[in-house]
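Below: the structure, in structure tokens.
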Amino acid sequence: MSEQPTVTLTIDGKALSAHKGTTVYQAATRAGIEIPIFCYHDRMPPLGACRMCLVKVEKQPKLQTSCTLEAADGMVVYTDTPEVKAGQEAILEFLLINHPLDCPICDKGGECPLQDQTYKFGPGRSRFVEAKRDFAKPVSLGPALVLDRERCILCWRCVRFGEIIAGDDALKGFERGFSSEINTPFTLPVQSKFIGNTIAICPVGALTAKSYRFISRPWDNRPVQSTCTLCGVGCAVEFDVRGERITRTRAREHPAVNDIWLCDLGFFGHAFVDHTDRLRRPLMRREGGFVETTWDEALSQIASRLGRTSGPRVAMLGGARLTNEDAYVATRFFRAVVGTPHLDHRVDARPQSPDLAVSWGMGTAIADLALADCVVLIGCDITETYPVLWLRMKQATERGATIIAVTPKALEIQRFVRWQFLHRSGQGGAVMLALADAVRGTAPREAPQGIDRTALAAAAKALGSASRPVVMIGRTALDAPDGWQMLAASGEMCRKTGTELNVMRGKGNAFGATAAGLLPDVAPGGRALADAASELRQAWGSLTTEAGMTAPEILDAAVAGGLDVLFVIGADLANDVPDRERWRAARARLPFLVVQDAFLTETAQMADVVLPALVAAEKDGTVTSIEGRVQRVRAAVSGPGDARGDWAILAALAARLGKTIAYSGWEEIFNEMRGLIPGLGIDERLPVRHPPLGKPSEPERPASAAGGFPLILIPGEALFDRGVLTSRSPTIADLAGEPWAMLHPDDAGTIDAADGEPVVITSARGSVAVRARISPVVLPGHVFLPRGYDAAPVNTLIDVNEPVTFVQVRALAPAAPS
Amino acid sequence: MPESFLLKYISEPDQADLETYLSRGGYAGLRRALSIAPEAVIDEVDKSGLRGRGGAGFPTGRKWRFIPKDPAITRYLVVNADEGEPGTFKDRTLMEGDPHQLIEGIIISSYAIGARHAFIYLRREFSTARDALTGAIAQARSAGYLGRNILRSGYDLEIVLATGAGAYMAGEETALLESLEGRRAMPRLKPPFYPAVKGLYMQPTAVNNVETLCHVTWIFAKGYQWYKAQGTPILISVSGHVARPGVYEVPLATTIRKVIELAGGVRGGRKFKACFPGGSSSAILPEAYLDTPMDYDALPKVDVPGTMLGSAALIVMDETACMVEIIGRTVEFYRDESCGKCTPCREGTVWLGQVFHRMLHGQGRTEDLDLLSGIAKGMTGTCFCPLGESVPPSLNASLRFFRHEYEHHIRTGRCDVREKYAA
Ligand SMILES: Cc1cc2nc3c(=O)[nH]c(=O)nc-3n(C[C@H](O)[C@H](O)[C@H](O)COP(=O)(O)O)c2cc1C
Ligand code: SF4
Ligand code: SF4
Ligand code: SF4
Ligand code: FES
């Protein structure tokens, strides 16, 4: 790389050199010279609005705003002349004349830039004798955010965050001049997945979190550095803890992961940790109900049941919510202590789908997304599944990157998508084949109906000429009726463009569960079982190195009466499995079910023994993100009642079974793992095993509608939902609202459904009641239903033996005739 | 009375009609411009010495030269027809009375910079002008002066007429572009957003005032030598306490006194007290400055900071005007029109407004005089754009020349001027 040109300037008598393009503010800050700022934020281009950062530049008649002024050769700058001081005092005085200075009752007090700057640079007293501006306060801007307009200094940071960083335009300025106010478009509740960040960057207490109002003071909080595990991105967080309670979650800077941002699930989604519903003691089934019991008794009962069966008649499901160390000890426990190979964390995988044939995870580095010049999203609803990754893609679009999407439901970010191919269910494969052909340079075979061939060719051209393309395939594609075809065509396309296929699949610590060996057919570190056998034996003693059953096969085996004991660890099978009926049938034939969880989930309610477990925020250890990055989690609080960490539970159970699993703590486990998992290290990335990719085949014909069920169900993801954890994080439950489904206006018209009104969706299998959302983001003939709402579980409608689920939608209260 | 060109046909009832416009020599200048290279068109505008009439007085040819020549780059012309400066009404007069004169200027100027789209950003309240322009654009289009292959020159141009969103600020060129793009009218940071480099939709853009473009029409109709020989005409909007308020076309550098005479002198034989020579954004001048020439260089040179030609709107006040009230009203205008982007303008104008309100309601305090100049000082050189910077000059000038009026208000709680001239 050629050397960046530099300039030399003088600030307060210090000679400095700075890269060309650096502002005077940046150059000064780097030299340790403090210049006060309000509107400038280093993740956004300068705005020059607050005028606080004034400096004197020799030969310039007026004071200059240092945040907007590019450093130039020979420039002589002063930051503390009387003229500069007077200018800064004037600005502060202006800012304060209408500021309430209600610091004692302001959440920002103690960490407020305005407070700090006033002490350092303020005039000391005000000449203002008029009446201060008075607003009715505060304004609620949706479930998460509160605005105190009196405190707002109109720095525009929050508005620009929505324009520049998130691309959601959630907050805007209204009215003019002195009457200017921040609000949402049409004063609707905030429409954003990232609004928590505006609270973080607001330089005053104007934007505050509903969940943190009057809860704590900065100096009463104890910060604990950890990692968010609520999706696979693995954002660096800091839990602020007061006593035994997490008062709030904030972003920690991690340049390679989340930079300085979080999504709102990360900000507000950890409230479940201290929910009163947390399990505090082990439970045992007695006479149809549960009774609380001791660990001693619960473990003895499980041990005695295990003693009456053989290893292969025991299976384990779950793991994405565990730490790496938990997952590893679980692998050891089941393979070496129980002696079963039937373990799998992929509980939500569809049988026979490519889900089980690919390795989940991203080979592309998260940080490199911002450098991509073309991003292809194949059945991958990025903002709903890995939200913070979108912020990187948004940066890429700012640099001119092209986004291409192949999806059955228009993406929320569609205005940034250059080519969006909105396809019918079962036609995604055909779109991908046509796109792959076009990239290959062969004439694209016939594009499916409704897909523009010219657009396909143009998209292929953009992809073909990209020098840093990124391709992602998501669950919507892998689970589609033509998922194999989508996968094969995607793989083909990647081969042609010389890029890798990122499999955007797996929640929480799914990657860590994979790495730790919570899979039926591979050993920790992704190695072949046979290859790792001797090392594992050395570490664990005797164990089974056979290949076991996958998650769907485990359920089949249970249905067939082939299992005696099933362990479910950190998973809610009733809601997680793709087909609820199948789970019910399995449970009915299962003699003994053990559930290890933090809450009495639907699955736990059917268990024989329930063991209360700690959650990530209560544990020390490591987790692994979608890009394979291993990061620390730290116990912020100690957990409720007698709840225990998962690996400790399994170690205790091993002791009951006469085997020893003894570790002094997570570090010892981690060290042992390092010997077995190549590349394992804190903040290092584990590689993704590359999946074998099939050849594209001819498009399959979509199944045709069965009598009475005219619409096709598209199950999908929503970032905010109401599952076991999210329904117990009040802000998230509010953001999610009641269960909903998305219908095309044509279909809504046919059944007289009105937006927001209740409808019932029925399939041959079952029905759910939801509120209708009506929008052309889905094509006519389709219903989009998000997973994750326990009150309207998608899996009650689905029969996994059918590639397509047909449904009927009925309005409960038909819309009034117009 | 000097001969007028821009205003020549303005009161003729059928001037807006294409046939009439053509019969009076219209679109001949366009034919000539299209027959020479765009570069040569710019040269001629350069040589004419034309400076922008929107307020800043920037040489028009020089502005166009900043626009890149590369034909692969989309360029735009944006016509600033937002005319919001208090006391300014020349652009409206031109658009209502002679819309083709503007259209012709737009086509020539767009050709010069290689724009294929021109946008007229028209102040929303100007419905007569809107009708006139809509009609003229349609006529020009069907006669082949707009659209594809204009007059078989191979040059294409479309004109889009957009109406504004009711803010003075939207007349500032970068705020105008924001508004045209559908956002709140707040000014952009220069650099990097010089319109000629990153303008409308981030493409190189020339923003020109209505009157400026009408001058271009005449430069091409008659040639730049002829144009210069006329003494460089300029339109002055004369308002306030004169006998015949209106738009006057005079050679540049005519003195203030002469312009007031043209407008019939101070009304009713009253005594002249003060004037804004270039709209309310220019500092007020008392009688001693009446012989200052109204041009770009002479006005800023007088010893009253912030005096300028601006939009050439001469607002005349006679002895019946209370200067405290006038400046208080001016402050209110800027308070209401401040876009709210930057601190000193947003907060300072409100504070000033509160102090004036108190003073005018009999609650002035002696220390308020220092307070007013203190607030003005805090706003001077600290605002983001010229709007906020426009407030201190007149305020300071009034404190210098009419301090006794403030003192009287503070001392007595009453207005001596008003009391004297009531009845
Ligand atoms: C607050 C403010 C308001 C303005 N309003 C107008 C206006 O209404 N019309 C106009 O032509 N120029 C206005 N201007 C000047 C424009 O920014 C710009 O200089 C002008 O349109 C350039 O055209 P010209 O070079 O032909 O004069 C305004 C400037 C400021 C700072
Ligand atoms: S709410 Fe906060 S971030 Fe937004 S403009 Fe006001 S002070 Fe700035
Ligand atoms: S993107 Fe994922 S990891 Fe990051 S804060 Fe949101 S939920 Fe947590
Ligand atoms: S000076 Fe500041 S607040 Fe006033 S109009 Fe200009 S940018 Fe807006
Ligand atoms: S920080 Fe420089 S103007 Fe706001």
Side-chain angles (χ1 to χ4, degrees), chain A residues 21 38-39 45-54 56 60-65 67-70 83-84 86-99 123 126-133 152-156 159-160 163 169 172-182 400, chain B residues 165-170 175 182-193 202 305 332-358 363 365 367-368 370-372 374-385 387-389:
Chain A
F38 289 116
C39 69
L47 181 69
C50 74
R51 321 302 289 173
M52 188 63 207
C53 61
L54 296 169
K56 174 75 193 162
Q60 303 251 23
K62 289 187 192 177
L63 295 177
Q64 301 289 314
T65 46
C67 73
T68 61
L69 184 67
E70 191 178 321
E83 190 188 355
V84 170
Q88 289 172 346
E89 282 182 12
I91 300 300
L92 262 176
E93 187 179 24
F94 284 138
L95 283 175
L96 292 176
I97 57 177
N98 282 295
H99 192 84
S126 175
R127 297 171 291 174
F128 188 74
V129 295
E130 331 294 331
K132 279 192 193 248
R133 165 174 54 184
C152 171
I153 58 165
L154 288 167
C155 72
W156 307 101
V159 172
R160 300 177 85 227
E163 289 168 355
D169 288 316
K172 289 279 160 193
F174 294 86
E175 302 304 327
R176 186 163 71 212
F178 179 70
S179 311
S180 299
E181 258 182 63
I182 302 303
Chain B
Y168 169 52
M169 191 56 215
R183 285 189 291 273
R184 199 183 149 89
M186 298 210 282
R188 295 177 177 171
L189 187 66
K190 302 188 232 181
F193 301 110
M202 293 299 127
E332 279 174 10
F333 172 79
Y334 288 95
R335 176 196 66 195
D336 294 347
E337 295 297 335
S338 161
C339 79
K341 176 171 183 155
C342 75
T343 308
C345 167
R346 184 184 66 233
E347 307 290 334
T349 52
V350 172
W351 194 359
L352 287 175
Q354 287 171 319
V355 177
F356 271 100
H357 183 86
R358 258 196 306 102
Q363 282 158 29
R365 309 168 308 161
E367 57 267 45
D368 284 343
D370 285 345
L371 180 58
L372 287 177
I375 300 172
K377 183 151 185 284
M379 293 175 70
T380 304
T382 57
C383 292
F384 184 90
C385 88
L387 190 151
E389 296 285 341

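In what follows, chains are A, B, ... by sequence order, proteins preceding strands, each numbered from 1.
When heavy atoms are compared at a cutoff of 4.5 Å, A:Ala49 approaches chain B by way of both its backbone and its side chain. With a threshold of 4.5 angstrom between heavy atoms, A:Ile91 approaches chain B through its backbone and through its side chain. Only the backbone of A:Ile153 comes within less than 4.5 Å of a heavy atom in chain B; its side chain stays farther off. At a 4.5 Å heavy-atom cutoff, B:Gln363 makes no contact with chain A through either its backbone or its side chain. The contact between A:Phe174 and chain B is made entirely by backbone atoms, counting heavy-atom distances below 4.5 Å. Within the 4.5 angstrom heavy-atom criterion, only backbone atoms of B:Cys383 (N, CA, C, O) approach chain A. Heavy atoms of B:Arg365 lying under 4.5 Å from chain A belong exclusively to its side chain.
The choice from A:Ser179, A:Ala131, A:Cys50 that makes the most heavy-atom pairs within less than 4.5 Å of chain B is A:Cys50. Interface summary for chain B: among A:Met52, A:Glu93, A:Arg176, A:Arg127, the most heavy-atom pairs under 4.5 angstrom belong to A:Arg176. The residue among B:Met379, B:Arg358, B:Arg335 with the most heavy atom pairs within less than 4.5 Å of chain A is B:Arg358. Most heavy-atom pairs under 4.5 Å with chain B, from the set A:Thr65, A:Asn98, A:Leu63, A:Leu154: that is A:Leu154.
Side-chain N or O atoms of A:Lys132 include one that pairs as donor or acceptor with a backbone N or O of A:Ile97 at under 3.5 Å. In terms of modelled atom types and a separation under 3.5 Å, the side chain of B:Glu337 and the main chain of B:Ala167 share no donor-acceptor contact. The closest donor-acceptor contact from the side chain of A:Glu70 to the backbone of A:Thr68 lies at 3.5 Å or more, if one exists at all.
Counting heavy-atom neighbours within 6.0 Å of A:Glu175 CD, excluding the residue itself, gives a total of 12 or less.
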